[in-house]
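All remarks here apply to the structure that follows.
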Amino acid sequence: MKIIGLIIVGLTGLLLIYATGDFPDWGDPASPANNYLSTRYIEKTMEDTSVPNIVTAVLADYRGFDTMFETTVIFSAGVVCFFLLRVFEKKTDEEGLLRHNATGITLRIKGVEKISYSTGEFDRIDNLWTPQDLIITTACRLLIPFIQLFALYVIAHGHYSPGGGFQGGVILGSSIILLAISHDLRTSLTRISEKGAGLLCAVGVFIYAGTGALCLLLGGNFLDYGALSKILPLDPVSARSFGILIVEVGVGIAVMGSMIWIYSNVSSAGRYREGL
Amino acid sequence: MTWELDLIILAFVVIAALGAITIRDLLGAAILFGAYSFMMCLLWAIMGAVDVAFTEASVGAGVSTVFFVAAVFRTTRRTKD
């Protein structure tokens with residue numbers, strides 16, 4: 001069976017390599033991809049949307065419908081991970097490990113959820129516990145604000161440089177994931193809870209689709225941001241640029257939420273007790 | 001960009017891809033997959049598709065590697081076949 005599979009895979013690979021011979025050369029000016037739509041985008045993007053980065057304009061404006069459903073795909077990925085993995089259990093008499101900070105003694109007790117940790121006398125620790133390294137926690141705590149700032153820059157500067165909602169959202173989400181890895185899952189859940197992540201996920205998609213619907217209500221086509229100039233003190237060209245920013249923010253929020261949501265579900269096997 | 005660099009990175013892509021599907025240690029496969037993504041990111045950047053390279057670096061090499069490691073941590077590290 002393995003040999004048959006190998007033969008099929010090999011044959012398909014050879015066919016694919018044979019088919020690449022018909023591709024136009026890389027950067028060939030006579031190739032179909034470079035002839036019909038591209039020229040229009042390159043000539044008209046600045047006039048239409050005043051966005052210097054053509055990729056962003058194509059992604060969020062000319063092909064905005066595609067991107068809306070890409071965002072929906074990310075949202076569905078988060079929801080699917082939730083439905084497949086999440087396990088709800090009663091939290092009443094949960095056993096857990098505590099560390100007494102002054103002596104370093106570890107205790108296993110029942111009902112760890114009910115104890116108040118605000119005094120700093122005890123700390124919750126994971127069963128598969130590796131001592132939290134001071135260097136790692138401090139370095140990550142210092143690094144995370146800068147990562148988040150960079151993510152916001154990537155989202156906001158997508159009009160002028162490579163970047164945009166998807167990349168910025170992933171970087172924002174991974175900053176929270178870094179917090180969960182360097183400390184523990186509970187620390188990251190105090191920053192963005194499970195409900196918060198799911199809600200952010202949905203809100204992002206809602207912002208995107210809502211912007212499109214708003215354009216529809218203002219008399220334009222769906223996702224035709226030029227119509228936003230009726231309620232904003234902007235001319236239609238700047239309104240398109242502004243509309244791109246709004247949907248990029250929506251995409252960023254949705255991607256960030258779903259990344260955190262997927263990570264918490266996968267790393268804690270849906271129990272939300274102990275992470276990676 | 002010089003074609004030598006292109007060729008070296010392409011060779012690394014093939015090596016990382018073959019390694020990721022043949023290695024028995026799943027954690028190693030996750031890391032090799034991250035390396036594969038990063039090499040692809042370099043290739044995109046060389047070809048001038050900077051936006052795609054950025055996405056590949058953040059999603060492919062960054063977050064999906066973390067997801068794979070988390071999944072391996074919660075399941076098993078060795079493959080059966």
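Residue numbers begin at 1 in each chain, while the letters A, B, ... track the order of the sequences. Below, all heavy atoms of this structure are taken into account, side chains as well, without hydrogens, waters or symmetry copies.
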Tell me whether [X] at atom [atom1] has more than 12 heavy atoms from other residues, nucleotides or ligands lying less than 6.0 Å away.
X: B:Phe12; atom1: CZ; value: no
X: A:Tyr160; atom1: OH; value: no
X: A:Phe82; atom1: CZ; value: yes
X: A:Phe88; atom1: CZ; value: yes
X: A:Ile3; atom1: CD1; value: no
X: B:Phe38; atom1: CZ; value: no

Just how far is it from atom OG of B:Ser58 to atom CG of A:Leu172, taken to the nearest 0.5 Å?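 So the OG of B:Ser58 and the CG of A:Leu172 are separated by 11.5 Å.
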
Heavy-atom cut-off 4.5 Å, strictly under: side chain, backbone, both or neither for B:Val63 against chain A?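 For B:Val63, the contact with chain A is made by the side chain alone.
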
Give, as side chain, backbone, both or neither, the part of [X] having an atom under 4.5 angstrom from any heavy atom of chain B.
X: A:Ile181; answer: side chain
X: A:Val154; answer: side chain
X: A:Val55; answer: side chain

Residue, of A:Ser174, A:Gly158, A:Gly163, that accumulates the most heavy atom pairs under 4.5 Å with chain B: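 The residue among A:Ser174, A:Gly158, A:Gly163 with the greatest pair count is A:Gly163.
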
Check: B:Thr55/A:Gln167 side-chain N/O donor and acceptor closer than 3.5 Å: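 A:Gln167 and B:Thr55 do have a side-chain donor-acceptor pair below 3.5 Å.
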
Side chains of B:Val59 and A:Phe166: does their closest heavy-atom pair fall under 4.5 Å?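 SC-SC contact between B:Val59 and A:Phe166 ruled out.
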
Are the side chains of B:Phe67 and A:Ile177 in touch, meaning some heavy atoms are under 4.5 Å apart?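 Result yes, sub-4.5 Å side-chain heavy-atom pair found.
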
Set out, in order, the CA-CA distance, both residues' side-chain angles and the distance that settles side-chain contact (heavy atoms from CB on, under 4.5 Å) for B:Phe54 and A:Val170, then state yes or no. CA-CA 11 Å; B:Phe54 201 166; A:Val170 167; over 6 Å; no

Heavy-atom closest pair, residues B:Arg74 and A:Ala269: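 What the structure gives for the nearest pair is CD-CB, 3.6 Å.
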
Test side-chain contact (heavy atoms from CB on, under 4.5 Å) on A:Leu59 and B:Asp51 and set out the steps. CA-CA 11 Å; A:Leu59 188 88; B:Asp51 279 85; over 6 Å; no

